[in-house]
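Chain identifiers are assigned alphabetically (A, B, ...) following the order of the sequence lines, protein sequences preceding nucleic acid strands; residue numbering begins at 1 within each chain.
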There are 2 protein chains.
Amino acid sequence: MAKPTKRLPTKRLPMLPAERALKVISGRWKAVILYHLFDGPRRLSVLKTLVPDITQKVLIQQLREMEEHGLIRREIFAEIPSRVEYSATRLGLSLEPILLALCAWAQHHADELNEMDRVTDCIIRPRQARPPAIA
Amino acid sequence: MAKPTKRLPTKRLPMLPAERALKVISGRWKAVILYHLFDGPRRLSVLKTLVPDITQKVLIQQLREMEEHGLIRREIFAEIPSRVEYSATRLGLSLEPILLALCAWAQHHADELNEMDRVTDCIIRPRQARPPAIA
DNA sequence: CAGTATCCGATTAGATACTG
DNA sequence: CAGTATCTAATCGGATACTG
């Protein structure tokens, strides 16, 4: 059994779209921020406390990108202590099930992923394609 | 109606796990590569043709990372023209539904995402928090 | 409070050439 | 065929200081 190539040999669905989807939520903090916006509009200051480990600069960066991508909305209120609220758009909200599925997946495979973390921190060292003694 | 904060005010599910899940499939090409492995084992040379736009170096890099993360497996066959096959592990396969969901999402929102692409290519220019004339 | 400007280190990816 | 080694450009994220 040298070629157990099962399933379809060529294509099924175009993967390319998913690539773009990934780009939209890729970024160190985007998923987390968006997640907090699922719960309703949030002011910048609140987001800062909700995601304490992020720099303000990066927070705003990620917000901007998600805004450009149509995932979130930014609303300015003409009040004296200036107020700005970020909220998820319909498009952003439509990602909720997928993000939750991702959560569920990650939790379900927590063990394997822990294992992974351990590895990720190491340098991925080179390796030989050294066959186990040619037959 | 200044605070239409609906839904839960605090937490629901920990988002942190999803972050790690995202890390695992984030990377310019990982999703695409993994996707091709869903169809069965693939040799490196085949992957190169399946994902023609990727550099060989980067292809191997991404394969290595996914291997370290337990998503894929690498098997060496002791043959004379050396042969190496990559295939998805159980863990990798378990990502299939989510990746497909991501595909579906991206296709369903193709229009908005096209719009996005247009924007993504531009420089995200600075912007003022300029309120529309204070009341 | 919300946001900008700058500088810098780390990570990422691409190009190219070479090896068993 | 499968893979490594360099070198480089681009992107990303973090720290810090400053503004209306």
Side-chain angles (χ1 to χ4, degrees), chain A residues 2 19 22-33 41-67 72 74-86 120-134, chain B residues 2 19 22-23 25-33 41-68 72 74-86 120-134:
Chain A
E19 258 196 282
L22 273 175
K23 277 183 75 166
V24 165
I25 47 171
S26 283
R28 181 77 181 73
W29 302 99
K30 282 187 192 164
V32 187
I33 298 172
R42 293 280 178 266
R43 314 181 45 161
L44 184 68
S45 49
V46 174
L47 285 174
K48 278 198 273 191
T49 70
L50 289 175
V51 193
D53 291 343
I54 190 176
T55 312
Q56 167 159 318
K57 174 204 152 194
V58 176
L59 173 57
I60 294 185
Q61 258 182 198
Q62 309 263 302
L63 286 168
R64 288 282 184 280
E65 291 178 22
M66 290 198 287
E67 188 189 358
I72 68 174
R74 174 171 172 269
E75 274 173 308
I76 310 167
F77 295 87
E79 304 180 352
I80 285 312
S82 67
R83 200 181 87 189
V84 174
E85 271 190 359
Y86 295 89
T120 312
D121 291 334
C122 309
I123 300 109
I124 298 178
R125 69 277 169 203
R127 194 179 39 180
Q128 312 305 324
R130 166 174 50 89
I134 302 169
Chain B
E19 258 195 282
L22 273 175
K23 277 184 76 167
I25 47 173
S26 283
R28 182 76 181 74
W29 303 99
K30 282 188 193 164
V32 187
I33 298 171
R42 293 280 178 266
R43 315 179 46 161
L44 183 69
S45 50
V46 174
L47 285 174
K48 278 199 272 191
T49 71
L50 289 175
V51 194
D53 291 343
I54 191 177
T55 313
Q56 167 159 318
K57 175 202 149 195
V58 176
L59 172 58
I60 295 186
Q61 259 182 198
Q62 309 263 302
L63 285 168
R64 287 284 183 279
E65 290 178 23
M66 290 198 287
E67 190 190 357
E68 301 273 355
I72 68 175
R74 174 172 171 270
E75 273 172 308
I76 310 167
F77 295 87
E79 304 179 353
I80 284 311
S82 66
R83 202 181 87 190
V84 174
E85 271 190 359
Y86 294 89
T120 313
D121 292 334
C122 308
I123 300 108
I124 298 177
R125 67 277 169 205
R127 195 178 40 178
Q128 311 306 324
R130 164 176 51 90
I134 300 171

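Contact check, A/T55 against D/dA15: a side-chain N or O comes under 4.0 Å of OP1 or OP2. Between B/Q61 and the phosphate of C/dG14, there is no side-chain N or O to OP1/OP2 separation shorter than 4.0 Å. Side-chain nitrogen and oxygen atoms of B/S82 include none within less than 4.0 Å of the OP1 or OP2 phosphate oxygen of D/dA2.
When rounded to the nearest whole Å, the span between CD of B/E19 and P of D/dG13 equals 11 Å. Remark: P of D/dC1 and CD of B/E85 are 14 Å apart, rounded to the nearest angstrom. Taking atom CD of residue A/Q62 and atom P of nucleotide D/dC12, one finds them 9 Å apart after rounding to whole Å. The distance between atom CD1 of A/I80 and atom C1' of D/dG20, rounded to the nearest whole Å, is 12 Å. Taking atom NZ on B/K30 and atom P on C/dT11, their separation rounds to 14 Å, with Å as the unit. Nucleotide D/dA2 holds its P atom 9 Å from the CG atom of B/L47, rounded to whole Å. In this entry the distance linking CD1 of A/I60 with C1' of D/dG14 reads 14 Å, nearest Å. We find that CG of B/L59 is positioned 13 Å from C1' of C/dG14, with the value rounded to whole Å.
A 4.5 Å side-chain heavy-atom check between B/L59 and B/W29 finds every atom pair outside the cut-off.
DNA chain D is contacted by both B/S45 and A/D53; B/S45 maps to the nucleotide lying nearer its 5′ end (nearest heavy atom per residue). Along DNA chain C, the nucleotide nearest A/K57 and the nucleotide nearest A/P81 are compared for position; the residue whose nucleotide lies closer to the 5' end is A/P81.
Ranking D/dA2, C/dA2, C/dA13 by closeness to the A/R83 side chain, first place goes to C/dA2. Residue B/V58 has its side chain nearest to C/dA13 when only C/dA13, D/dA15, D/dA2 are considered. Ranking C/dA2, D/dG13, C/dT16 by closeness to the A/R43 side chain, first place goes to C/dA2. Side-chain proximity of A/L44 to C/dA2, D/dA2, C/dG14: nearest is C/dA2. Looking at the side chain of B/R64, the nearest of the listed nucleotides D/dT4, D/dG13, D/dT16 is D/dT4.
Put simply, CZ on A/R43 and CZ on A/F77 are 9.5 Å apart, with the number rounded to the nearest 0.5 Å. A distance of 16.0 Å separates CZ in B/R42 from NZ in B/K48, rounded to the nearest 0.5 Å. Interatomic distance, B/M66 CE to B/R74 CZ, rounded to the nearest 0.5 Å: 13.5 Å.
Taking each heavy atom of B/K30 and B/E65 in turn, the nearest pair found is NZ-OE1, 2.7 Å.
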query = Given pairs defined as Watson-Crick or G-U wobble with both distances under 3.5 Å, what dot-bracket annotation applies to DNA chain D, with ( ) intrastrand, [ ] crossing, | other strand and . unpaired?
reply = ||||||||||||||||||||
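A side-chain contact (heavy atoms from CB on, under 4.5 Å) with B/L47 is found for one member of B/I60, B/I54, B/L63 and no other, namely B/L63.
Between A/R28 and B/E19 there is a salt bridge, since at least one side-chain N of the basic residue sits less than 4.0 Å from a carboxylate O of the acidic one.
A donor-acceptor pair under 3.5 Å is absent between the side-chain atoms of B/E75 and the main chain of B/E85, judged by distance alone.
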